[in-house]
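Take a look at the structure set out below.
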Amino acid sequence: MAINSRIAKVEGVEDQKWYHGMRPRRDIEHLLIQDGDFLVRASDGRTNNVEIILSIRSETKGLIHLTLACTEGKWQLGLTSKGKKVHRFDTIPLLIEHYKKHKLSNSLILKRGVHRPDWLITHEKVTFDTKKDELGAGNFCTVYKGKYDKGDEQVVDVAVKLCHNSTKDSEDPNKSADEVRAAREMMLGEAKAMSHFVHQYVIQLYGVACDHPPVLIVMEYCPGGSLDKHLQKQGNDIEIGERLCYILEAARGMRYLHSRSCVHRDLAARNCLISAKGFIKISDFGLSKLLDGKAEEETVDEESPQIPLRWMAPESLKKPRKYSKASDVWSFAVLIYEVLNNGQKPWPDWPAKKIATHIRKCQMPDLADSTPAELKELVGKIWVQNSSDRPTFREICLKIWKVLKKVQPPKPNKFALNKLPGVERTITLRECNNDDDDTNRDSQDLPNNTNKSTMEDEKNAA
Ligand code: ACK
(Lines give C-alpha, C1' and ligand atoms only; values in the text may rest on other atoms or scores of the structure.)
Protein backbone atom coordinates (compact mmCIF):
# COMPACT_ATOMS: atom_id res chain seq x y z
CA MET A 1 0.00 0.00 0.00
CA ALA A 2 1.36 3.41 -0.80
CA ILE A 3 0.10 6.80 0.17
CA ASN A 4 1.06 9.69 -2.03
CA SER A 5 3.66 11.70 -0.14
CA ARG A 6 1.69 14.89 -0.60
CA ILE A 7 -1.32 13.49 1.22
CA ALA A 8 0.62 11.37 3.65
CA LYS A 9 -1.04 12.75 6.77
CA VAL A 10 -2.72 9.72 8.27
CA GLU A 11 -5.74 10.48 10.44
CA GLY A 12 -5.46 9.40 14.06
CA VAL A 13 -1.88 8.21 14.01
CA GLU A 14 0.07 11.46 14.38
CA ASP A 15 -1.25 12.11 17.90
CA GLN A 16 -0.04 8.72 19.10
CA LYS A 17 3.16 8.71 21.15
CA TRP A 18 4.28 5.48 19.46
CA TYR A 19 4.20 7.14 16.02
CA HIS A 20 7.74 8.21 15.06
CA GLY A 21 7.02 9.78 11.68
CA MET A 22 9.63 9.53 8.97
CA ARG A 23 12.51 8.26 11.11
CA PRO A 24 14.74 5.88 9.15
CA ARG A 25 14.96 2.23 10.19
CA ARG A 26 18.48 2.44 11.59
CA ASP A 27 17.39 5.29 13.87
CA ILE A 28 14.69 3.30 15.63
CA GLU A 29 16.16 -0.21 15.78
CA HIS A 30 17.94 0.31 19.10
CA LEU A 31 14.70 1.56 20.70
CA LEU A 32 12.97 -1.78 20.36
CA ILE A 33 14.57 -3.83 23.12
CA GLN A 34 12.17 -6.35 24.63
CA ASP A 35 9.86 -8.90 23.09
CA GLY A 36 6.68 -7.12 21.95
CA ASP A 37 8.16 -3.58 21.91
CA PHE A 38 6.70 -1.77 18.92
CA LEU A 39 6.38 1.56 17.14
CA VAL A 40 4.83 2.86 13.93
CA ARG A 41 6.72 4.95 11.39
CA ALA A 42 6.50 6.18 7.83
CA SER A 43 9.05 5.21 5.24
CA ASP A 44 9.84 5.98 1.64
CA GLY A 45 8.53 3.32 -0.65
CA ARG A 46 9.39 3.08 -4.30
CA THR A 47 8.54 6.06 -6.56
CA ASN A 48 8.61 8.74 -3.89
CA ASN A 49 5.60 7.42 -2.02
CA VAL A 50 5.28 6.89 1.70
CA GLU A 51 4.45 3.61 3.44
CA ILE A 52 3.27 3.15 7.01
CA ILE A 53 5.31 0.52 8.84
CA LEU A 54 4.79 -1.33 12.12
CA SER A 55 8.19 -2.27 13.62
CA ILE A 56 8.23 -4.92 16.35
CA ARG A 57 10.88 -6.73 18.40
CA SER A 58 10.35 -10.46 18.61
CA GLU A 59 12.40 -12.56 21.01
CA THR A 60 12.64 -15.39 18.47
CA LYS A 61 12.62 -13.59 15.12
CA GLY A 62 14.47 -10.37 15.89
CA LEU A 63 13.21 -7.15 14.38
CA ILE A 64 10.15 -7.35 12.16
CA HIS A 65 8.87 -4.56 9.92
CA LEU A 66 5.32 -4.98 8.62
CA THR A 67 3.66 -2.67 6.10
CA LEU A 68 0.19 -1.49 7.10
CA ALA A 69 -2.09 -1.48 4.09
CA CYS A 70 -5.09 0.74 3.53
CA THR A 71 -7.77 -0.28 1.08
CA GLU A 72 -11.17 1.39 0.78
CA GLY A 73 -10.47 3.36 3.95
CA LYS A 74 -9.76 0.29 6.12
CA TRP A 75 -6.38 -0.62 7.63
CA GLN A 76 -4.92 -4.12 7.84
CA LEU A 77 -1.58 -5.86 8.20
CA GLY A 78 0.03 -5.88 4.78
CA LEU A 79 1.30 -9.44 5.01
CA THR A 80 -1.19 -12.10 6.01
CA SER A 81 -1.02 -15.85 5.62
CA LYS A 82 -3.10 -17.45 2.92
CA GLY A 83 -6.54 -18.54 4.02
CA LYS A 84 -6.29 -16.61 7.29
CA LYS A 85 -9.12 -14.20 8.06
CA VAL A 86 -7.93 -10.61 7.52
CA HIS A 87 -8.93 -8.18 10.24
CA ARG A 88 -9.62 -4.66 9.00
CA PHE A 89 -9.89 -1.48 11.05
CA ASP A 90 -11.11 2.10 10.62
CA THR A 91 -7.89 3.56 12.07
CA ILE A 92 -4.33 2.49 12.84
CA PRO A 93 -4.79 3.01 16.64
CA LEU A 94 -7.71 0.53 16.51
CA LEU A 95 -5.48 -1.94 14.65
CA ILE A 96 -2.77 -1.54 17.30
CA GLU A 97 -5.26 -2.03 20.16
CA HIS A 98 -6.51 -5.23 18.50
CA TYR A 99 -3.00 -6.72 18.16
CA LYS A 100 -2.24 -5.91 21.79
CA LYS A 101 -4.95 -8.44 22.67
CA HIS A 102 -4.63 -10.89 19.77
CA LYS A 103 -1.50 -12.51 18.36
CA LEU A 104 -0.09 -11.27 15.05
CA SER A 105 1.48 -14.67 14.41
CA ASN A 106 2.22 -17.82 16.41
CA SER A 107 3.99 -16.10 19.25
CA LEU A 108 4.02 -12.40 18.46
CA ILE A 109 1.85 -9.90 20.31
CA LEU A 110 2.23 -6.13 20.68
CA LYS A 111 3.13 -5.25 24.25
CA ARG A 112 4.82 -1.87 24.79
CA GLY A 113 4.45 1.09 22.43
CA VAL A 114 7.82 2.87 22.44
CA HIS A 115 7.29 6.63 22.74
CA ARG A 116 8.93 9.10 20.37
CA PRO A 117 11.38 11.59 21.94
CA ASP A 118 10.13 15.07 22.89
CA TRP A 119 12.12 16.66 20.08
CA LEU A 120 9.89 14.96 17.50
CA ILE A 121 7.19 17.62 17.18
CA THR A 122 4.24 17.88 14.82
CA HIS A 123 3.81 20.10 11.75
CA GLU A 124 0.70 21.73 13.20
CA LYS A 125 2.85 23.55 15.80
CA VAL A 126 4.94 25.25 13.11
CA THR A 127 3.89 28.02 10.71
CA PHE A 128 5.82 29.80 7.97
CA ASP A 129 5.13 31.29 4.57
CA THR A 130 7.23 29.81 1.77
CA LYS A 131 6.50 32.87 -0.41
CA LYS A 132 7.54 35.56 2.07
CA ASP A 133 9.75 34.08 4.77
CA GLU A 134 12.72 32.55 2.97
CA LEU A 135 16.08 33.19 4.67
CA GLY A 136 18.22 31.21 2.25
CA ALA A 137 18.55 27.93 0.38
CA GLY A 138 21.04 25.08 0.17
CA ASN A 139 21.38 22.06 -2.09
CA PHE A 140 18.58 20.03 -0.55
CA CYS A 141 16.96 22.38 1.89
CA THR A 142 15.61 25.88 2.31
CA VAL A 143 15.56 27.89 5.55
CA TYR A 144 12.51 30.04 6.41
CA LYS A 145 11.64 32.35 9.27
CA GLY A 146 8.60 31.00 11.08
CA LYS A 147 6.68 30.66 14.35
CA TYR A 148 6.61 27.71 16.74
CA ASP A 149 3.88 27.08 19.29
CA LYS A 150 5.73 25.83 22.37
CA GLY A 151 2.47 25.30 24.28
CA ASP A 152 1.16 27.31 27.26
CA GLU A 153 0.35 30.10 24.78
CA GLN A 154 4.03 30.70 24.04
CA VAL A 155 4.69 31.32 20.36
CA VAL A 156 8.31 32.06 19.44
CA ASP A 157 10.19 33.14 16.31
CA VAL A 158 12.12 30.25 14.81
CA ALA A 159 14.17 29.28 11.79
CA VAL A 160 12.64 26.35 9.91
CA LYS A 161 14.89 24.19 7.74
CA LEU A 162 12.79 22.39 5.20
CA CYS A 163 14.10 19.35 3.41
CA HIS A 164 12.90 19.12 -0.16
CA ASN A 165 10.35 16.42 -0.32
CA SER A 166 11.08 14.89 -3.67
CA THR A 167 13.22 15.40 -6.72
CA LYS A 168 10.45 17.63 -8.05
CA ASP A 169 10.81 20.05 -5.15
CA SER A 170 14.57 20.06 -5.28
CA GLU A 171 16.29 23.05 -6.87
CA ASP A 172 18.24 20.69 -9.08
CA PRO A 173 16.16 18.41 -11.32
CA ASN A 174 19.16 16.09 -11.72
CA LYS A 175 19.07 15.01 -8.07
CA SER A 176 17.96 11.39 -7.76
CA ALA A 177 15.33 10.14 -5.31
CA ASP A 178 18.15 8.37 -3.44
CA GLU A 179 20.04 11.64 -3.08
CA VAL A 180 16.93 13.39 -1.76
CA ARG A 181 16.38 10.55 0.73
CA ALA A 182 20.03 10.68 1.82
CA ALA A 183 19.69 14.45 2.35
CA ARG A 184 16.59 13.94 4.47
CA GLU A 185 18.34 11.31 6.58
CA MET A 186 21.26 13.70 7.00
CA MET A 187 18.81 16.34 8.26
CA LEU A 188 17.34 13.91 10.76
CA GLY A 189 20.89 13.05 11.88
CA GLU A 190 21.59 16.77 12.27
CA ALA A 191 18.50 17.20 14.43
CA LYS A 192 19.34 14.17 16.54
CA ALA A 193 22.82 15.58 17.20
CA MET A 194 21.39 19.00 18.05
CA SER A 195 18.86 17.48 20.45
CA HIS A 196 21.74 16.69 22.84
CA PHE A 197 22.96 20.26 23.15
CA VAL A 198 21.88 23.17 25.30
CA HIS A 199 24.43 25.95 25.37
CA GLN A 200 24.55 29.69 24.95
CA TYR A 201 26.97 29.58 22.00
CA VAL A 202 25.32 26.68 20.19
CA ILE A 203 22.15 27.04 18.14
CA GLN A 204 19.15 25.67 20.04
CA LEU A 205 16.95 22.98 18.53
CA TYR A 206 13.22 23.26 19.27
CA GLY A 207 12.31 20.07 17.47
CA VAL A 208 11.91 18.15 14.25
CA ALA A 209 8.57 17.71 12.55
CA CYS A 210 8.70 14.47 10.61
CA ASP A 211 5.17 13.22 11.19
CA HIS A 212 4.69 13.56 7.44
CA PRO A 213 6.72 15.10 4.58
CA PRO A 214 8.39 17.51 4.26
CA VAL A 215 10.74 17.04 7.24
CA LEU A 216 11.24 20.33 9.15
CA ILE A 217 14.03 21.21 11.59
CA VAL A 218 12.80 23.94 13.93
CA MET A 219 15.53 25.92 15.67
CA GLU A 220 16.35 29.19 17.35
CA TYR A 221 16.07 32.14 14.97
CA CYS A 222 19.21 34.23 14.58
CA PRO A 223 18.26 37.55 12.97
CA GLY A 224 21.92 38.47 12.34
CA GLY A 225 22.34 35.64 9.79
CA SER A 226 25.70 34.03 9.23
CA LEU A 227 29.01 35.43 10.46
CA ASP A 228 30.77 35.29 7.07
CA LYS A 229 28.15 37.53 5.42
CA HIS A 230 28.29 40.00 8.31
CA LEU A 231 32.09 40.17 8.03
CA GLN A 232 31.90 40.63 4.28
CA LYS A 233 29.35 43.46 4.60
CA GLN A 234 30.66 45.40 7.59
CA GLY A 235 34.27 44.88 6.54
CA ASN A 236 36.62 47.38 8.09
CA ASP A 237 34.04 48.82 10.53
CA ILE A 238 34.68 45.97 12.94
CA GLU A 239 37.31 46.64 15.60
CA ILE A 240 39.78 43.89 16.45
CA GLY A 241 38.31 43.64 19.98
CA GLU A 242 34.88 42.87 18.54
CA ARG A 243 36.38 40.26 16.20
CA LEU A 244 38.09 38.63 19.19
CA CYS A 245 34.70 38.41 20.93
CA TYR A 246 33.31 36.48 17.93
CA ILE A 247 36.32 34.16 18.01
CA LEU A 248 36.06 33.56 21.76
CA GLU A 249 32.33 32.82 21.61
CA ALA A 250 32.80 30.35 18.76
CA ALA A 251 35.62 28.69 20.77
CA ARG A 252 33.37 28.45 23.85
CA GLY A 253 30.63 26.83 21.75
CA MET A 254 33.16 24.34 20.37
CA ARG A 255 34.58 23.63 23.83
CA TYR A 256 31.07 22.70 24.96
CA LEU A 257 30.49 20.48 21.91
CA HIS A 258 33.79 18.67 22.43
CA SER A 259 32.95 18.15 26.09
CA ARG A 260 29.83 16.39 24.79
CA SER A 261 31.97 14.21 22.43
CA CYS A 262 30.65 15.98 19.34
CA VAL A 263 33.03 16.52 16.44
CA HIS A 264 31.44 19.19 14.24
CA ARG A 265 33.44 18.48 11.04
CA ASP A 266 32.17 21.59 9.23
CA LEU A 267 33.29 24.49 11.39
CA ALA A 268 33.52 27.68 9.32
CA ALA A 269 32.30 31.30 9.52
CA ARG A 270 29.31 30.39 7.29
CA ASN A 271 28.18 27.97 10.01
CA CYS A 272 28.31 30.52 12.83
CA LEU A 273 25.12 32.56 13.27
CA ILE A 274 24.48 35.86 15.07
CA SER A 275 21.69 35.78 17.67
CA ALA A 276 19.22 38.55 18.56
CA LYS A 277 21.46 39.49 21.50
CA GLY A 278 24.50 39.65 19.23
CA PHE A 279 26.19 36.42 20.31
CA ILE A 280 27.81 33.83 18.08
CA LYS A 281 26.08 30.45 17.83
CA ILE A 282 27.62 27.34 16.29
CA SER A 283 25.15 25.84 13.82
CA ASP A 284 24.79 23.30 11.03
CA PHE A 285 25.34 19.86 12.51
CA GLY A 286 24.62 18.05 9.25
CA LEU A 287 28.11 16.52 9.12
CA SER A 288 28.74 16.25 12.85
CA LYS A 289 29.51 12.96 14.64
CA LEU A 290 29.18 11.88 18.23
CA LEU A 291 32.35 10.01 19.19
CA ASP A 292 31.92 6.67 20.93
CA GLY A 293 32.99 6.60 24.56
CA LYS A 294 36.47 7.90 25.05
CA ALA A 295 37.42 7.87 21.35
CA GLU A 296 39.18 11.04 20.25
CA GLU A 297 39.16 10.28 16.58
CA GLU A 298 36.88 9.00 13.91
CA THR A 299 38.10 7.30 10.75
CA VAL A 300 35.82 7.59 7.78
CA ASP A 301 35.60 5.76 4.50
CA GLU A 302 35.57 7.37 1.10
CA GLU A 303 31.77 7.32 0.84
CA SER A 304 31.34 9.91 3.56
CA PRO A 305 30.36 13.38 2.41
CA GLN A 306 33.38 15.56 1.92
CA ILE A 307 33.86 18.66 4.01
CA PRO A 308 34.75 21.83 2.08
CA LEU A 309 38.46 21.59 1.30
CA ARG A 310 39.75 24.92 2.64
CA TRP A 311 38.73 24.05 6.22
CA MET A 312 40.12 20.49 6.18
CA ALA A 313 43.08 19.35 8.27
CA PRO A 314 45.94 17.44 6.57
CA GLU A 315 44.89 14.12 8.19
CA SER A 316 41.35 14.53 6.81
CA LEU A 317 42.78 14.70 3.27
CA LYS A 318 44.62 11.37 3.58
CA LYS A 319 42.98 7.99 3.13
CA PRO A 320 41.26 6.83 5.26
CA ARG A 321 40.04 10.30 6.20
CA LYS A 322 40.43 11.12 9.86
CA TYR A 323 38.21 13.53 11.74
CA SER A 324 38.73 14.33 15.39
CA LYS A 325 38.47 17.09 17.94
CA ALA A 326 41.94 18.11 16.69
CA SER A 327 40.69 18.42 13.08
CA ASP A 328 37.91 20.73 14.37
CA VAL A 329 40.66 22.77 16.05
CA TRP A 330 42.42 23.04 12.66
CA SER A 331 39.19 24.31 11.04
CA PHE A 332 38.83 26.78 13.91
CA ALA A 333 42.13 28.41 12.91
CA VAL A 334 40.69 28.81 9.38
CA LEU A 335 37.65 30.45 11.03
CA ILE A 336 40.04 32.84 12.84
CA TYR A 337 41.57 33.61 9.42
CA GLU A 338 38.09 34.40 8.03
CA VAL A 339 37.16 36.63 10.98
CA LEU A 340 40.36 38.65 10.61
CA ASN A 341 40.11 38.77 6.85
CA ASN A 342 36.60 40.27 6.53
CA GLY A 343 34.93 36.94 5.79
CA GLN A 344 37.19 36.06 2.86
CA LYS A 345 38.19 32.40 2.71
CA PRO A 346 41.83 31.43 2.17
CA TRP A 347 43.10 31.08 -1.40
CA PRO A 348 39.82 32.27 -3.00
CA ASP A 349 40.75 31.56 -6.63
CA TRP A 350 43.10 28.60 -6.37
CA PRO A 351 42.36 25.21 -7.92
CA ALA A 352 41.50 22.43 -5.44
CA LYS A 353 44.65 20.42 -6.14
CA LYS A 354 46.95 23.31 -5.28
CA ILE A 355 45.01 24.05 -2.08
CA ALA A 356 45.23 20.39 -1.01
CA THR A 357 48.99 20.35 -1.59
CA HIS A 358 49.42 23.44 0.58
CA ILE A 359 47.30 22.01 3.39
CA ARG A 360 49.18 18.69 3.29
CA LYS A 361 52.46 20.59 3.72
CA CYS A 362 50.96 22.89 6.39
CA GLN A 363 51.75 25.87 4.19
CA MET A 364 48.88 28.01 5.39
CA PRO A 365 48.21 31.68 4.50
CA ASP A 366 49.44 34.57 6.62
CA LEU A 367 46.99 36.27 8.95
CA ALA A 368 46.10 39.95 8.52
CA ASP A 369 48.81 42.40 9.71
CA SER A 370 46.51 43.78 12.41
CA THR A 371 46.38 40.37 14.16
CA PRO A 372 47.71 40.51 17.74
CA ALA A 373 51.03 38.63 17.99
CA GLU A 374 49.68 36.19 20.61
CA LEU A 375 46.83 35.21 18.30
CA LYS A 376 49.28 34.63 15.45
CA GLU A 377 51.27 32.44 17.81
CA LEU A 378 48.14 30.47 18.74
CA VAL A 379 47.26 29.85 15.09
CA GLY A 380 50.86 28.76 14.49
CA LYS A 381 50.41 26.11 17.20
CA ILE A 382 47.17 24.88 15.59
CA TRP A 383 48.29 24.58 11.98
CA VAL A 384 50.74 21.74 12.70
CA GLN A 385 51.00 18.33 11.05
CA ASN A 386 50.79 16.22 14.19
CA SER A 387 47.19 16.53 15.36
CA SER A 388 48.00 15.56 18.96
CA ASP A 389 50.28 18.64 19.22
CA ARG A 390 47.37 21.03 18.64
CA PRO A 391 45.83 22.84 21.63
CA THR A 392 42.36 21.89 22.90
CA PHE A 393 39.44 24.33 22.91
CA ARG A 394 39.86 24.72 26.67
CA GLU A 395 43.42 25.98 26.08
CA ILE A 396 42.29 28.06 23.12
CA CYS A 397 39.55 29.80 25.16
CA LEU A 398 42.01 30.65 27.87
CA LYS A 399 44.49 32.09 25.35
CA ILE A 400 41.92 34.21 23.51
CA TRP A 401 40.52 35.49 26.80
CA LYS A 402 44.00 36.68 27.74
CA VAL A 403 44.48 38.40 24.37
CA LEU A 404 41.06 40.06 24.75
CA LYS A 405 41.93 41.43 28.18
CA LYS A 406 44.89 43.23 26.61
CA VAL A 407 43.10 44.47 23.47
CA GLN A 408 39.98 45.66 25.31
CA PRO A 409 36.80 45.01 23.34
CA PRO A 410 34.55 47.97 22.43
CA LYS A 411 31.57 49.03 24.55
CA PRO A 412 28.48 46.98 23.61
CA ASN A 413 26.75 49.88 21.83
CA LYS A 414 29.84 50.29 19.61
CA PHE A 415 29.69 46.71 18.30
CA ALA A 416 29.33 46.79 14.50
CA LEU A 417 26.86 43.92 14.63
CA ASN A 418 24.28 46.27 16.18
CA LYS A 419 23.75 47.52 12.62
CA LEU A 420 22.21 44.17 11.72
CA PRO A 421 18.40 44.38 11.78
CA GLY A 422 16.97 42.60 14.83
CA VAL A 423 20.34 42.42 16.64
CA GLU A 424 21.15 44.33 19.83
CA ARG A 425 24.25 43.64 21.89
CA THR A 426 23.88 45.03 25.39
CA ILE A 427 26.87 43.41 27.11
CA THR A 428 30.46 43.23 25.93
CA LEU A 429 31.14 39.70 27.08
CA ARG A 430 29.29 37.31 29.30
CA GLU A 431 30.69 36.91 32.80
CA CYS A 432 33.06 34.02 33.16
CA ASN A 433 34.94 33.27 36.35
CA ASN A 434 38.64 32.48 36.61
CA ASP A 435 40.12 33.56 33.32
CA ASP A 436 37.51 31.99 31.14
CA ASP A 437 37.17 28.83 33.16
CA ASP A 438 33.42 28.66 32.65
CA THR A 439 33.14 24.98 33.58
CA ASN A 440 30.35 25.83 35.99
CA ARG A 441 28.27 27.51 33.37
CA ASP A 442 28.77 24.58 31.00
CA SER A 443 27.68 22.10 33.63
CA GLN A 444 24.52 24.13 34.25
CA ASP A 445 23.68 23.56 30.62
CA LEU A 446 23.38 19.79 30.73
CA PRO A 447 21.12 18.37 28.03
CA ASN A 448 18.41 17.39 30.50
CA ASN A 449 17.88 21.06 31.34
CA THR A 450 15.00 22.57 29.43
CA ASN A 451 15.50 24.87 26.48
CA LYS A 452 13.75 27.52 28.51
CA SER A 453 16.51 27.61 31.09
CA THR A 454 19.17 28.45 28.51
CA MET A 455 17.07 31.15 26.96
CA GLU A 456 16.50 32.67 30.40
CA ASP A 457 20.16 32.35 31.09
CA GLU A 458 20.77 34.50 28.06
CA LYS A 459 18.19 37.04 29.26
CA ASN A 460 19.76 37.21 32.72
CA ALA A 461 23.23 37.56 31.28
CA ALA A 462 22.06 40.53 29.29
O1 ACK B 1 23.82 33.68 5.74
P2 ACK B 1 22.38 33.65 6.00
O3 ACK B 1 21.61 34.88 6.10
O4 ACK B 1 22.12 32.72 7.28
O5 ACK B 1 21.73 32.63 4.95
C6 ACK B 1 21.78 31.33 5.39
C7 ACK B 1 20.52 30.60 4.99
O8 ACK B 1 19.69 30.49 6.13
C9 ACK B 1 20.76 29.18 4.45
O10 ACK B 1 21.43 28.43 5.42
C11 ACK B 1 20.22 31.28 7.17
N12 ACK B 1 19.98 30.58 8.42
C13 ACK B 1 20.23 29.28 8.70
N14 ACK B 1 19.87 29.00 9.94
C15 ACK B 1 19.36 30.15 10.48
C16 ACK B 1 18.84 30.50 11.77
N17 ACK B 1 18.76 29.60 12.76
N18 ACK B 1 18.43 31.76 11.96
C19 ACK B 1 18.52 32.67 10.96
N20 ACK B 1 19.02 32.41 9.73
C21 ACK B 1 19.43 31.16 9.50
C22 ACK B 1 21.71 31.42 6.91
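The analysis underlying the following values was restricted to heavy atoms, covering all of them including side chains, and did not include hydrogens, waters or symmetry mates. Note that ligands are numbered from 1 as they come in the structure, with each ligand's atoms numbered from 1 the same way.
When the heavy-atom distances from atom 4 (O) of ligand 1 to S226, P223, A137, C222 are ranked, the shortest goes to S226.
Within the cation-pi definition used here (under 6.0 Å to the ring centroid, within 45° of the axis), R265 qualifies as a partner of Y323. The cationic group of R270 lies under 6.0 Å from the six-membered ring centre of W311 and within 45° of the ring axis, placing it in a cation-pi geometry.
Protein heavy atom at the shortest distance from atom 6 (C) of ligand 1 is K229 NZ, 4.3 Å. For atom 17 (N) of ligand 1, the closest heavy atom belonging to the protein is E220 O, 2.9 Å. Closest to atom 10 (O) of ligand 1, if we only count protein heavy atoms, is V143 CG2, 3.8 Å. For atom 15 (C) of ligand 1, the nearest protein heavy atom (residue, atom name, distance) is L273 CD1, 3.6 Å. Given atom 16 (C) of ligand 1, the protein heavy atom at minimum distance is A159 CB, 3.4 Å. Counting only heavy atoms of the protein, atom 7 (C) of ligand 1 lies nearest to G136 CA, 3.6 Å. Atom 11 (C) of ligand 1 has L135 CB, 4.2 Å as its closest protein atom, hydrogens excluded (heavy atom only).
Side-chain atoms of R41 and H65 include a donor-acceptor pair closer than 3.5 Å.
Between F285 and F197, the two ring planes are tilted [angle within 30° to 60°].
The residues E374 and K406 are annotated as salt-bridged, a charged nitrogen and a carboxylate oxygen being separated by less than 4.0 angstrom.
Here the side chains of V208 and V215 are in contact, with some heavy-atom distance below 4.5 Å.
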Decide yes or no on salt bridge (charged side-chain N to carboxylate O under 4.0 Å, His left out) for D328 and K289, but give the supporting numbers first. CA-CA 11 Å; D328 272 352; K289 286 273 173 235; over 6 Å; no
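Below 4.0 Å from some heavy atom of Y221 lie the following atoms of ligand 1, by number and element: 18 (N), 19 (C).
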